[in-house]
Amino acid sequence: MSLGEFDLIERFFWRPPGVGPQRAVVGNGDDCAVIAPAPGMQLAVSTDTLVEGRHFLSTVDPARLGHKALAVNLSDLAACGARPLAFTLALTLPKVDEGWLARFAKGLLALADEHDCELIGGDTTAGPLTIGVTVMGEVPAAGALLRRGARPGDDLWVSGCPGEARLALEAFRGTLHPGLSAETFDAVRLAMETPTPRVALGQGLRGLASSAIDVSDGLLGDLGHILQRSRVGASIVLDALPISPHLLDRGQDVQWDCILAGGDDYELIFTTPSDRRDEVHRLEQQLGLMLSRIGRIEAEPGLRLWQGELDHWDGDPARKAVVNRWTSFDHFKGAA
Ligand code: ADP
Ligand code: MG
């Protein structure tokens with residue numbers, strides 16, 4: 001890259017001694033960083049890349065972009081029940097814009113500090129704006145939460161209120177009638193641009209959840225990964241889905257589409273044995289984060305959507321929702 005490459009890296013991404021988490025054995029500035037998980041722990045590693053025009057709009061506030069680039073990676077650690085340790089940053093920049101870099105670094109490092117996750121290295125090159133983050137965390141040996149552990153009879157849960165990011169996306173696309181109030185638009189836009197990775201929840205679910213995944217591509221699609229890897233099926237009760245206050249005045253079709261098919265929320269879906277509900281509720285209290293039981297895992301493959309009460313499993317076909325095509329269940333696809 002240009003002559004200023006090292007100055008740029010040092011100025012915006014290296015922290016002065018004593019600032020930010022410092023857990024690496026060898027941090028920034030050598031050929032490799034060196035880190036050590038605590039004794040008895042294993043490393044959990046994940047990478048996610050954000051490309052301008054594909055994963056974010058060019059108009060996004062760079063501080064929010066910095067937050068999101070790390071958040072989507074921390075979300076993967078959360079889904080595995082890992083504690084964040086460190087990350088690397090592969091930054092491809094069309095030009096050196098100091099104001100942009102300062103804001104980007106601010107958003108990125110603020111979230112990193114919040115999770116005690118140290119930036120230990122990276123790569124900086126010229127090209128179309130692309131942000132690649134690789135994150136490393138630790139989990140107790142053989143204690144990572146995986147997609148493959150769901151068992152028939154397990155409860156199915158979701159954290160928070162998924163769907164807001166999709167509502168924001170549809171507002172940007174202009175498909176909502178009526179449109180959103182300025183206040184609601186700002187709120188859901190914030191949800192889309194600065195998602196909160198459920199890191200504490202993931203760690204709280206260690207030893208409790210039988211499987212977990214973060215919702216990046218949509219609740220039904222991501223649940224599909226759990227079902228496939230666990231070789232099970234599931235029933236979801238639509239009336240048990242948590243509805244964001246920002247979705248309350250929308251029609252039911254839009255609500256369900258945003259919640260079930262919307263992506264980019266980074267909530268966790270997880271399963272637990274049904275005799276451990278009290279523990280999930282205790283975790284909910286402890287974290288101050290709503291955890292909603294939305295269905296159950298079943299031996300019969302596939303996904304079934306129901307209406308009515310959650311524990312009213314009489315299999316009455318009249319309760320079976322018409323919308324029963326999980327991957328293709330997307331109200332907006334036709335409208336786009
Ligand atoms: P090398 O040529 O040995 O790969 P580089 O010149 O790419 O090293 O990088 C020099 C140092 O700066 C390395 O320690 C690298 O990890 C770090 N670094 C490069 N880009 C970034 C970045 N965007 N954020 C943080 N550290 C970076
Ligand atoms: Mg390099």
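No experiment lies behind these values; they were computed from the predicted model shown. All ligand and atom numbering here is 1-based and tracks the order in the structure.
- If you check the side chains of Thr130 and Thr92, you find no donor sitting under 3.5 Å from an acceptor.
- Taking only nitrogen or oxygen atoms, main chain and side chain alike, Gly29 reaches within less than 3.5 Å of ligand 1.
- A salt bridge does not link Asp265 to Arg198: none of the charged side-chain nitrogens sits closer than 4.0 Å to a carboxylate oxygen.
- Checked by atom type, the side-chain pair Ser211/Thr271 shows a donor-acceptor distance below 3.5 Å.
- For ligand 1, the atoms closer than 4.0 angstrom to any heavy atom of Phe13 are 24 (N), 25 (C).
- In this structure, a donor-acceptor pair under 3.5 Å is absent between the side chains of Ser292 and Trp157.
- Taking only nitrogen or oxygen atoms, main chain and side chain alike, Gly122 reaches within less than 3.5 Å of ligand 1.
- Tyr266 OH to Lys68 NZ: the interatomic distance, rounded to the nearest 0.5 Å, is 5.5 Å.
- Within the structure, the closest approach of Trp14 to ligand 1 falls below 4.0 Å when heavy atoms are considered.
- For ligand 1 and Asp31, the ligand atoms under 4.0 Å from any heavy atom of the residue are 3 (O).
- Of all the atoms in ligand 1, the ones that sit under 4.0 Å from a non-hydrogen atom of Gly121 are 16 (O), 25 (C), 26 (N), 27 (C).
- With a heavy-atom cut-off of 4.0 Å, Leu89 touches ligand 1 through backbone and side chain alike.
- Remark: the Asp155 side chain and the Ser274 side chain contain no N/O donor-acceptor pair separated by less than 3.5 Å.
- The proximity of Asp30 to ligand 1, defined as any non-hydrogen pair under 4.0 Å, is limited to the backbone.
- Residue Asp123 has at least one heavy-atom neighbour below 4.0 Å for each of these atoms of ligand 1: 7 (O), 19 (C), 20 (N), 21 (C), 23 (N).
- Judged by distance alone, the side chains of Glu5 and Thr124 never bring a donor and an acceptor atom under 3.5 Å apart.
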